[in-house]
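The basis for the numbers below is simple: all heavy atoms, side chains too, and nothing from hydrogens, waters or symmetry mates. For reference, positions follow the sequence shown, starting with 1. Please read these numbers as outputs of a predicted model, since none were measured by experiment.
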Amino acid sequence: MFPTGLSSPNPPPPPTQEARPAATDVKNDSGNITSPKKRKINGSEREDTSDTISSSPPKTLNSSSSPSSSCSAAPLHIQKKLRFEDSVDFIGLDVKMAEEAAAAAAAAASCSNNKSKAMFLPGGVGHHANGLTKTAASGTFSNSKPGAAKKLVIKNFREKPKLPENYTQETWQKLKEAVEAIQNSTSIKYNLEELYQAVENLCSHKISAKLYKQLRAVCEDHIKAQIDQFREYPLCVLFLKKIDKCWQDHCRQMIMIRSIFLFLDRTYVLQNSMLPSIWDMGLELFRFYIISDLKVQSKTIDGILLLIERERNGEAIDRSLLRSLLSMLSDLQIYQDSFEQRFLEETNRLYAAEGQRLMQEREVPEYLHHVNKRLEEEADRVITYLDQSTQKPLIATVEKQLLGEHLTATLQKGLTHLLDENRIQDLSLLYQLFSRVRGGVQVLLQHWIDNIQEGNSAFGSTIVINPEKDKTMVQELLDFKDKVDHIIDVCFMKNEKFVNAMKEAFETFINKRPNKPAELIAKHVDSKLRAGNKEATDEELEKMLDKIMIIFRFIYGKDVFEAFYKKDLAKRLLVGKSASVDAEKSMLSKLKHECGAAFTSKLEGMFKDMELSKDIMVQFKQYMQCQNIPGNIELTVNILTMGYWPTYVPMEVHLPPEMVRLQEIFKTFYLGKHSGRKLQWQSTLGHCVLKAEFKEGKKELQVSLFQTLVLLMFNEGEEFTLEEIKLATGIEDSELRRTLQSLACGKARVLTKIPKSKDVEDGDKFSCNDDFKHKLFRIKINQIQMKETVEEQASTTERVFQDRQYQIDAAIVRIMKMRKTLSHNLLMSEVYNQLKFPVKPADLKKRIESLIDRDYMERDKENSNQYNYVA
């Protein structure tokens with residue numbers, strides 16, 4: 001019997017369901033009926049139906065009969081247990097067995113052993129064609145032969161039992177009461193298992209379609225009744241909470257209803273693809289009758305947007321309520337159409353107005369932090385209550401209105417300020433935010449380059465163009481380069497575009513002032529490599545040279561650098577002012593690596609000359625000792641190859657007889673070893689160490705050759721005028737004035753000038769300062785020798801231009817020799833490509849005219865714009 005109390009024919013479960021134990025009695029052909037027995041197998045209940053099988057009309061054994069009855073006793077009843085494990089599609093079982101099988105089994109059992117009881121053992125499980133699971137009689141009766149066993153035949157009932165009258169109506173009434181109880185949140189009168197079984201019974205008798213329609217109608221009526229409470233309810237947070245509660249109740253009710261009608265959902269609904277599942281049916285009804293109502297939907301969406309706007313304005317709201325409502329819209333599949341579009345429109349409007357307002361009110365760093373905060377807030381909203389699909393369009397909207405619309409304005413207003421104050425964190429944030437917007441990095445890159453090239457006093461062009469900054473130009477360029485590198489590494493994430501743009505920008509603004517940066521870089525290197533520079537250790541000096549080489553790469557006029565560097569290097573080597581030979585050679589190797597061996601060949605020759613000169617002086621001292629030449633002057637000579645060293649204008653001066661004699665001795669010695677060479681004495685680069693006696697005591701003065709000639713005059717007299725000194729020494733006027741100024745107006749005033757002034761004028765008188773005092777024993781006064789005069793600078797520049805003319809001529813002749821005939825524009829283009837220094841078109845035209853005059857090339861007679869090479 002069914003647990004519902006209703007009469008039931010025990011409908012079996014369909015093939016997709018788990019086999020349920022049979023609740024009916026099984027009647028065999030003999031009319032005997034046995035009640036079902038229950039036993040437990042592995043913890044699960046199964047029902048075994050015992051069928052009594054007899055070989056004759058049924059007779060009941062006497063309860064007191066002995067088990068040892070003879071073979072002629074009444075026919076023995078043999079019981080066979082049938083186990084139904086699989087689902088079957090029939091109602092009852094008709095069990096038959098041939099009478100011959102029973103008789104043969106009984107005879108075999110009684111003959112073999114009177115005391116034994118005949119048993120029919122269950123065999124292996126097999127499958128019949130009709131889907132029934134049966135037990136094959138593979139076992140044998142006790143002590144019988146294997147061949148004596150017969151097959152057990154199991155057949156369906158010939159007719160299916162019919163449902164009792166009013167069963168469907170009564171069952172549906174119970175199910176309807178249960179559904180209404182769930183919808184009204186009251187207790188259910190019936191057991192849930194009983195209700196589930198009732199649904200299963202109805203479905204098994206082809207009533208599924210009617211049951212589904214009835215269930216839908218009940219749910220529809222209930223949901224219809226809910227709509228009126230929302231239509232006239234005012235828009236407020238309570239309205240949203242009421243909608244949310246209605247939704248939560250609906251979901252809970254549909255889950256319980258579906259659990260009762262699960263069999264219907266998994267059989268009939270599953271087999272009909274056009275029908276929505278019970279859960280989807282509930283969503284469909286809720287969407288159609290509640291949310292699709294224009295008033296309800298409008299108030300719900302407006303309420304949600306109002307809460308989000310309040311949160312954006314800084315108010316605290318119920319985020320769980322929003323999350324629940326938006327989840328409802330997603331489940332009902334109206335999130336995008338009803339909510340997302342309006343939400344994005346409101347977001348766009350809000351941030352468009354906010355961006356315009358804050359760009360006017362706030363400074364750029366503050367504005368950037370606000371934008372970053374807004375982006376973080378919107379990302380948090382997506383995580384907390386918005387649907388994931390909203391993230392991309394939402395963030396894109398915020399980026400567009402707060403950043404994309406104000407890229408240029410932001411950079412024009414604040415980039416220079418950020419770079420001036422080196423605000424690393426703000427610059428990093430600026431780059432991160434601009435990276436989020438399409439084209440943002442490119443706009444930032446362009447403005448950044450413009451700031452480097454055309455910025456204020458801290459940037460680019462102003463450093464190079466302003467002549468007042470010449471003394472500090474190179475150091476400012478190095479500091480600026482370090483600053484820019486740090487910004488690229490830390491703020492711009494080492495973006496390769498920014499690195500390349502920085503190089504182009506430096507190359508552009510450094511060369512806006514031709515030649516001067518190259519000259520100043522050479523002088524800066526000289527100041528670092530000169531003796532007395534105690535600012536840095538060897539390691540720091542090496543790093544400094546590396547940085548200078550980076551700036552050196554940007555300049556076009558490398559020949560200008562070479563000329564001034566060579567002049568300064570010559571002074572350092574000849575006057576003995578080089579701080580470190582290792583540092584000098586390190587700088588030389590850097591230049592060689594950067595510009596090639598041809599660039600440094602002459603510089604390397606200068607070092608070779610200095611080393612050879614040391615060897616020659618060792619030999620000269622040995623020569624002096626062998627010749628027993630008397631004298632209290634020690635002579636040191638440096639032999640210079642004219643092609644390696646800068647060009648010096650020889651100056652004839654009146655040397656003391658002792659010096660002249662030593663010069664002649666060295667000349668005889670050197671020409672005796674190297675015939676065919678010519679020696680030219682360069683007095684401008686000579687320096688001496690003089691021993692002097694003052695009232696304070698003895699001192700050693702390290703002075704230039706010109707200073708030596710002036711001081712030696714005061715061994716012959718007490719006071720001399722400017723004209724007398726000039727006549728006696730033969731030193732050129734401007735050079736003499738510089739020399740006297742260094743002796744009488746510098747820090748170490750060995751001479752006294754009358755009248756006292758900073759400059760040396762005609763008629764000034766000079767005398768020895770016997771009261772001279774100094775804390776050091778050896779005093780260097782020849783620093784003036786290291787200083788570059790205006791004439792030296794002009795002559796160096798002039799030599800560079802002269803060399804450039806030769807290079808231009810050589811380039812033009814090379815090109816014409818190869819091409820034979822070439823138009824003016826193509827010739828100009830190719831010359832520019834070959835030259836390593838900037839040249840004006842007017843200068844190129846002059847060189848072309850010069851070559852035409854010297855018959856290296858000629859103009860074409862028919863086309864004046866064409867040139868022909870003259871072999």
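Nearest heavy atoms, Leu195 versus Leu175: O-CD2, 3.8 Å. The nearest pair of heavy atoms linking Ile449 to Ala501 is CD1-CB, 3.3 Å. Residue Ser389 comes nearest to Gln336 through the heavy atom pair OG-NE2, 3.8 Å, listed as atom of the first residue, atom of the second, then distance. Nearest approach of Ile257 to Cys219, heavy atoms of both residues: CD1-SG, 4.3 Å. Across every non-hydrogen atom of Ala178 and Ile188, the tightest pair is CB-CG2, 3.9 Å. What you find for Gly355 and His406 is that their closest heavy atoms are C-NE2, 3.6 Å.
The aromatic rings of Phe239 and Phe230 sit perpendicular to each other, their planes meeting at more than 60°, with 30° as the lower class boundary. Between His250 and Phe286, the angle of the ring planes lies from 30° to 60°, which puts this pair in the tilted group.
Using modelled atom types, one finds a donor on one side chain and an acceptor on the other under 3.5 Å when comparing Glu177 with Tyr190. Using modelled atom types and a 3.5 Å distance limit, the side chains of Asp318 and Ser320 yield a donor-acceptor pair. If you check the side chains of Ser292 and Gln297, you find no donor sitting under 3.5 Å from an acceptor. Of the N and O atoms on the side chains of Asn348 and Thr397, not one donor lies less than 3.5 Å from an acceptor on the other residue. If you check the side chains of Gln197 and Glu194, you find no donor sitting under 3.5 Å from an acceptor. Remark: the His369 side chain and the Asp426 side chain contain an N/O donor-acceptor pair separated by less than 3.5 Å.
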Task: Asn495 vs Tyr431, side chain to side chain donor-acceptor pair (under 3.5 Å): CA-CA, chis, key distance, verdict - done: CA-CA 10 Å; Asn495 189 318; Tyr431 178 78; 2.9 Å; yes
TODO: Take Ile487 and Asn422 through the side chain to side chain contact (heavy atoms under 4.5 Å, CB included) test and state the conclusion after the steps.
DONE: CA-CA 8 Å; Ile487 289 173; Asn422 203 30; 4.0 Å; yes
Task: Worked check of side chain to side chain contact (heavy atoms under 4.5 Å, CB included) between Tyr367 and Lys413 - done: CA-CA 11 Å; Tyr367 181 76; Lys413 184 178 180 181; over 6 Å; no
- [ ] Kindly determine whether Thr416 and Asn451 satisfy side chain to side chain donor-acceptor pair (under 3.5 Å), including the steps that lead there.
- [x] CA-CA 7 Å; Thr416 303; Asn451 268 274; 2.6 Å; yes
TODO: Could you give me the CA-CA distance, side-chain angles and deciding distance for Asp249 and Arg252, then say whether salt bridge (charged side-chain N to carboxylate O under 4.0 Å, His left out) is met?
DONE: CA-CA 5 Å; Asp249 290 345; Arg252 178 177 48 78; 3.4 Å; yes
TODO: Apply the test side chain to side chain contact (heavy atoms under 4.5 Å, CB included) to residues Tyr167 and His205: give CA-CA distance (whole Å), side-chain angles for both, the deciding distance (0.1 Å), then the verdict.
DONE: CA-CA 11 Å; Tyr167 175 79; His205 286 81; over 6 Å; no
TODO: Take Ser277 and Asp280, measure what side chain to side chain donor-acceptor pair (under 3.5 Å) needs, and give me the verdict at the end.
DONE: CA-CA 5 Å; Ser277 67; Asp280 290 340; 3.3 Å; yes
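At least one donor-acceptor pair closer than 3.5 Å links the side chain of Asp293 to the backbone N or O of Lys295.
Of the residues Asp302, Leu240, Leu325, the one that meets the side-chain contact (heavy atoms from CB on, under 4.5 Å) test with Leu307 is Leu240. A side-chain contact (heavy atoms from CB on, under 4.5 Å) with Ile207 holds for exactly one of Thr168, Leu264, Val199; it is Thr168.
Salt bridge absent: Glu399 and Arg438 never bring a charged side-chain N and a carboxylate O closer than 4.0 Å. Ion pairing between Lys241 and Asp244 fails under the 4.0 Å rule for side-chain N and carboxylate O.
Within 6.0 Å of atom CD in Glu421, more than 12 heavy atoms from other residues, nucleotides or ligands are found, so the atom counts as buried in its surroundings. Summarising the local packing, CD of Glu180 is surrounded by more than 12 heavy atoms from other residues, nucleotides or ligands at distances under 6.0 Å. Remark: Gln169 CD is loosely packed, at most 12 non-hydrogen atoms of other residues, nucleotides or ligands lying under 6.0 Å away.
A 4.5 Å side-chain heavy-atom check between Asn201 and Thr171 finds every atom pair outside the cut-off. Contact annotation: the side chain of His417 approaches that of Arg423 to within less than 4.5 Å [non-hydrogen atoms, C-beta and beyond]. A heavy-atom distance below 4.5 Å is found between the side chains of Leu427 and Leu415. Taking 4.5 Å as the limit, every side-chain heavy atom of Val269 sits out of range of all side-chain heavy atoms of Phe261. Taking 4.5 Å as the limit, some side-chain heavy atom of Phe498 sits within range of a side-chain heavy atom of Val441. Side-chain contact between Leu419 and Trp448 is present, with heavy atoms from C-beta onward closer than 4.5 Å. Counting only heavy atoms from C-beta outward, the side chains of Leu430 and Leu411 approach each other to under 4.5 Å. No side-chain heavy atom of Trp247 sits under 4.5 Å from any side-chain heavy atom of Ile290.
The structure places NZ of Lys210 at 10.0 Å from CH2 of Trp172, a figure rounded to the nearest 0.5 Å. Going from atom CG of Leu368 over to atom CG of Leu433 covers 6.0 Å, rounded to the nearest 0.5 Å.
In terms of the salt bridge (Lys or Arg N to Asp or Glu O under 4.0 Å) criterion, residue partners of Glu346 (sequence neighbours excluded) are, by chain and number, Arg349.
The stretch residues 316-337 participates, sequence neighbours left out, in these ring pair (Phe, Tyr, Trp, His ring centres under 6.0 Å) pairs: Tyr335-Phe339.
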Residues 375-382, side-chain donor-acceptor partners within the protein, below 3.5 Å, at least two apart:
{"from": "Glu376", "atom 1": "OE2", "to": "Asn372", "atom 2": "ND2", "distance (Å)": "3.4"}
{"from": "Glu377", "atom 1": "OE1", "to": "Arg374", "atom 2": "NH1", "distance (Å)": "3.1"}
{"from": "Glu378", "atom 1": "OE1", "to": "Arg312", "atom 2": "NH2", "distance (Å)": "3.1"}
{"from": "Glu378", "atom 1": "OE1", "to": "Arg381", "atom 2": "NH1", "distance (Å)": "3.3"}
{"from": "Glu378", "atom 1": "OE2", "to": "Arg312", "atom 2": "NE", "distance (Å)": "2.9"}
{"from": "Glu378", "atom 1": "OE2", "to": "Arg312", "atom 2": "NH2", "distance (Å)": "3.4"}
{"from": "Glu378", "atom 1": "OE2", "to": "Tyr351", "atom 2": "OH", "distance (Å)": "2.5"}
{"from": "Glu378", "atom 1": "OE2", "to": "Arg381", "atom 2": "NH1", "distance (Å)": "2.7"}
{"from": "Asp380", "atom 1": "OD2", "to": "Arg319", "atom 2": "NH1", "distance (Å)": "3.0"}
{"from": "Asp380", "atom 1": "OD2", "to": "Arg319", "atom 2": "NH2", "distance (Å)": "2.9"}
{"from": "Arg381", "atom 1": "NE", "to": "Glu311", "atom 2": "OE1", "distance (Å)": "3.0"}
{"from": "Arg381", "atom 1": "NE", "to": "Tyr385", "atom 2": "OH", "distance (Å)": "3.3"}

